[in-house]
**Q** 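Please find one structure pasted underneath; my questions will follow.
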Amino acid sequence: MSDGASSTQPPLQPSPEQACDRLWMGRALELARAAAACGEVPVGAVLVRSGHILAEGHNRTVTGADPTAHAEVEALRAAAALQGDFRLTDTTLYVTLEPCAMCAGAVVLARVPRVVYAAVDPKAGMAGTLGNLLQDARLNHRCAVTPGVLAEASAELLRTFFRERR
């Protein structure tokens with residue numbers, strides 16, 4: 001299977017929300033709440049394959065003293081370890097906040113075909129806000145992107161978290 005452009009590449013425009021998207025994003029929001037309870041920025045991620053959770057994670061940058069321990073990376077690492085392969089084809093990543101450059105890069109390298117996110121990230125979002133690594137035609141893999149699923153619930157969780165920190 002080639003990693004280059006082919007007729008099997010996902011579309012380079014946002015894909016429509018699917019019925020199950022709200023369900024999986026709901027689980028990602030539960031993980032985001034768990035992150036907040038640990039003093040972490042409330043972001044959660046769920047990686048789904050064939051209607052089942054393959055892996056999940058939430059931010060652990062503070063508790064793990066690890067700047068790379070974002071929710072998306074935690075989920076990708078767990079899934080890759082579980083299956084013994086970094087290629088996470090036939091999956092969908094659900095995340096409560098638009099991926100940053102690091103996370104978007106990891107998603108592309110893992111060959112995740114679809115990303116669904118809730119809230120936009122005006123300061124670091126690289127899935128359409130500041131840039132779009134997930135759909136950059138110069139890269140060897142591109143993802144279908146569905147933004148805005150349960151966006152208000154995620155944005156409110158983030159606003160509350162940061163308001164309480166001030």
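Computed from a predicted model, the values in this text were never measured in an experiment. What's counted below: heavy atoms across the whole structure, side chains too, no hydrogens, waters or symmetry copies.
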**Q** Counting only heavy atoms from other residues, nucleotides and ligands, does the tally under 6.0 Å from CZ of Arg22 exceed 12?
**A** no
**Q** Does Asp85 have any salt bridge (charged side-chain N to carboxylate O under 4.0 Å, His left out) partners at least two apart in sequence or in another chain, and if so, which?
**A** Arg87
**Q** Among residues at least two apart in sequence or on other chains, which ones pass side-chain contact (heavy atoms from CB on, under 4.5 Å) with Ala80?
**A** none
**Q** Which donor-acceptor pairs under 3.5 Å do side chains of residues 115-131 form with protein atoms, sequence neighbours excluded?
**A**
residue	atom	partner	partner atom	Å
Asp121	OD1	Lys123	N	3.1
Asp121	OD1	Ala124	N	3.2
Thr129	OG1	Glu98	OE1	2.5
Thr129	OG1	Glu98	OE2	3.1

**Q** Any side-chain hydrogen bond (donor to acceptor under 3.5 Å, both in side chains) involving residues 43-54? Give me the pairs, sequence neighbours left out, ordered by first then second residue.
**A** Arg49-Gln83
**Q** Do Pro99 and Val107 come close enough that some side-chain heavy atom pair is under 4.5 Å?
**A** no
**Q** Among residues two or more places apart or on two chains, list those pairs meeting salt bridge (charged side-chain N to carboxylate O under 4.0 Å, His left out) that have a residue in residues 63-74.
**A** Arg60-Glu74, Asp66-Arg77, Glu74-Arg77
**Q** A side-chain contact here means heavy atoms from C-beta on lying under 4.5 Å apart; do Thr63 and His58 qualify?
**A** no
**Q** Is there a side-chain contact between Pro113 and Thr91 (heavy atoms, below 4.5 Å)?
**A** yes
**Q** Would you call Leu76 and Leu109 a side-chain contact if the rule is heavy atoms closer than 4.5 Å?
**A** no
**Q** Mind checking whether Met102 and Thr68 have side chains closer than 4.5 Å, heavy atoms only?
**A** yes
**Q** Name all residues meeting the side-chain contact (heavy atoms from CB on, under 4.5 Å) criterion together with Phe86; count only those two or more places apart in sequence or in a different chain, and write none if there are none.
**A** Arg111
**Q** Between His70 and Leu97, is a side chain to side chain contact (heavy atoms under 4.5 Å, CB included) present by the stated rule, with each step listed?
**A** CA-CA 11 Å; His70 289 195; Leu97 183 64; over 6 Å; no
**Q** Taking salt bridge (charged side-chain N to carboxylate O under 4.0 Å, His left out) as the cut-off, I'd like each qualifying pair that reaches into residues 29-43, sequence neighbours left out, listed once.
**A** Arg27-Glu30
**Q** Please identify each residue that fulfils side chain to side chain donor-acceptor pair (under 3.5 Å) with Arg165, with sequence neighbours left out.
**A** none
**Q** Can you list the residues that meet the salt bridge (charged side-chain N to carboxylate O under 4.0 Å, His left out) rule with Glu164, with sequence neighbours excluded?
**A** none
**Q** Do Val73 and Cys103 have side-chain heavy atoms sitting under 4.5 Å apart?
**A** yes
